[in-house]
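We count residues from 1, following the sequence as given.
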Amino acid sequence: MSTHKKKILTRDELRRRVVEWRRSGERITLANGCFDLLHVGHVRYLHAAKQLGERLVVAINSDESVRVLKGEGRPLMPAEERAEILAALADVDAIVIFPDCDVRALIREMRPEIHAKGTDYTADTVPERDTVLECGGRVEIVGDPKNHSASEIIRSQVNARRS
């Protein structure tokens, strides 16, 4: 098994890893998303999220939850491939695939010190904000301005083919 594939964990494996990291005094940041088509905005978001703590966990929406969130025809790649691509990034310490449309349940399980979201949110509009605060964490908005989006890249490619 390649080194980066070892970063892809089940929920149980993630719980154990989080306990180990906390015993070592490390702060955990959680970032999440569909990551359907990796682009520079994702890389910048994850790099900025990593700077907030010692360990970065990335939660990836399952294929079914991506379909619910993004519509028919999505995701473009299965969750396992999206996870493997993100696991190859140096800033990412662990990946977990989750079935829900938001990460509230995972936040309750992990209790990350920081929940990082992209600039398409404000600290007040993050859907899981209340859960993060209930669990003793804080929300941070990171990354560059939201001018990169997989949906927009796909839309522009489709429109270019029609022209």
Side-chain angles (χ1 to χ4, degrees), residues 1-11 13-14 17-18 21 26-71 73-104 106-107 110 112-129 132 137-160:
M1 176 184 294
S2 66
T3 305
H4 60 269
K5 278 191 171 182
K6 291 178 184 175
K7 293 180 183 181
I8 304 168
L9 307 174
T10 66
R11 297 279 274 266
E13 291 168 333
L14 179 60
R17 187 78 47 92
V18 165
W21 289 336
E26 296 175 300
R27 287 174 302 161
I28 297 158
T29 301
L30 173 66
N32 71 286
C34 297
F35 301 101
D36 193 15
L37 181 62
L38 190 64
H39 55 72
V40 71
H42 290 137
V43 173
R44 291 171 182 167
Y45 161 57
L46 296 174
H47 180 71
K50 174 66 174 194
Q51 306 312 303
L52 299 171
E54 287 77 28
R55 297 293 181 164
L56 176 60
V57 175
V58 180
I60 298 175
N61 289 84
S62 68
D63 294 345
E64 184 55 38
S65 66
V66 172
R67 270 189 287 284
V68 169
L69 293 166
K70 302 288 184 177
R74 302 283 296 275
L76 300 175
M77 293 183 288
E80 294 74 21
E81 290 180 18
R82 292 181 279 129
E84 188 173 342
I85 289 167
L86 288 173
L89 298 177
D91 288 319
V92 175
D93 295 296
I95 305 274
V96 65
I97 298 168
F98 70 102
D100 311 301
C101 289
D102 67 49
V103 288
R104 286 181 178 95
L106 192 57
I107 289 167
M110 285 181 52
E113 284 78 8
I114 304 141
H115 181 45
K117 294 296 276 186
T119 57
D120 46 334
Y121 293 94
T122 68
D124 293 329
T125 64
V126 170
E128 306 88 356
R129 179 181 181 276
V132 172
R138 73 179 197 268
V139 172
E140 293 284 342
I141 305 302
V142 298
D144 63 350
K146 181 70 174 185
N147 53 10
H148 310 284
S149 125
S151 297
E152 188 54 41
I153 291 168
I154 294 164
R155 200 171 10 262
S156 68
Q157 290 299 312
V158 168
N159 290 338

Q: Checking the side chain of Glu54 only, and the main-chain atoms of Arg27 only, is there a donor and an acceptor separated by less than 3.5 Å?
A: yes
Q: Could you grab the distance from atom CD1 of Ile114 to atom CZ of Arg55, nearest 0.5 Å is fine?
A: 14.0 Å
Q: After noting the C-alpha distance and the side-chain angles of Leu46 and Leu56, does the key distance pass the side chain to side chain contact (heavy atoms under 4.5 Å, CB included) rule?
A: CA-CA 8 Å; Leu46 296 174; Leu56 176 60; 4.3 Å; yes
Q: So how far is it from Asp91 CG to Arg44 CZ, rounded to the nearest 0.5 Å?
A: 13.5 Å
Q: Please confirm whether the backbone N or O of Ala123 pairs with a side-chain atom of Arg129, one donor and one acceptor, at under 3.5 Å?
A: yes
Q: Does Arg67 reach the main-chain N or O of Gly73 with its side chain, forming a donor-acceptor pair under 3.5 Å?
A: no
Q: Going by the angle between their ring planes, with limits at 30° and 60°, are Phe35 and His42 parallel, tilted or perpendicular?
A: tilted
Q: For the side chain to side chain contact (heavy atoms under 4.5 Å, CB included) test, which of Leu69, Asn61, Leu37, Val66 pairs with Arg74?
A: Val66
Q: Nearest 0.5 angstrom please: Tyr121 OH to His115 NE2, how far?
A: 8.0 Å
Q: Is it the case that the side chain of Glu140 and the backbone of Ala116 share a donor-acceptor pair, with hydrogens and angles ignored and the cut-off at 3.5 Å?
A: no
Q: Can you tell me if Asp63 uses its side chain to pair, donor with acceptor, with the backbone of Pro78 under 3.5 Å?
A: no
Q: For residues Ile8 and Val96, determine if any side-chain heavy atom of one lies less than 4.5 Å from a side-chain heavy atom of the other.
A: no
Q: Could you check whether any side-chain heavy atom of Cys101 comes within less than 4.5 Å of a side-chain heavy atom of Ser65, counting everything from C-beta outward?
A: yes
Q: Rounded to the nearest 0.5 Å, what's the gap from CG on Leu9 to CG on Leu14? Could you check?
A: 6.0 Å
Q: Report the distance from atom CD1 of Ile97 to atom CZ of Arg82, rounding to the nearest 0.5 Å.
A: 7.0 Å
Q: Do Glu128 side-chain atoms and Arg104 backbone N/O form a donor-acceptor pair below 3.5 Å?
A: no
Q: Please step through salt bridge (Lys or Arg N to Asp or Glu O under 4.0 Å) for the pair Asp93 and Arg17, ending with a clear verdict.
A: CA-CA 10 Å; Asp93 295 296; Arg17 187 78 47 92; over 6 Å; no
Q: Closest approach of Gly53 and Thr29, non-hydrogen atoms and distance?
A: N-OG1, 3.6 Å
Q: So do Val57 and Met110 actually touch side chain to side chain, heavy atoms under 4.5 Å?
A: yes
Q: Would you call Leu30 and Val103 a side-chain contact if the rule is heavy atoms closer than 4.5 Å?
A: yes
Q: Between atom OH of Tyr45 and atom CG of Asn32, what is the distance when rounded to the nearest 0.5 Å?
A: 5.0 Å
Q: Which atom names give the shortest non-hydrogen contact between Ala31 and Ala49, and what distance separates them?
A: CB-CB, 4.5 Å
Q: For the side chain of Lys7 and the backbone of Val92, is there at least one donor-acceptor N/O pair under 3.5 Å apart?
A: yes
Q: Taking C-beta and beyond as the side chain, do Ile60 and Ile95 meet within less than 4.5 Å on heavy atoms?
A: yes
Q: Between Thr119 and Gly143 (side chain of the first, backbone of the second, donor and acceptor by atom type, cut-off under 3.5 Å), is there such a pair?
A: no
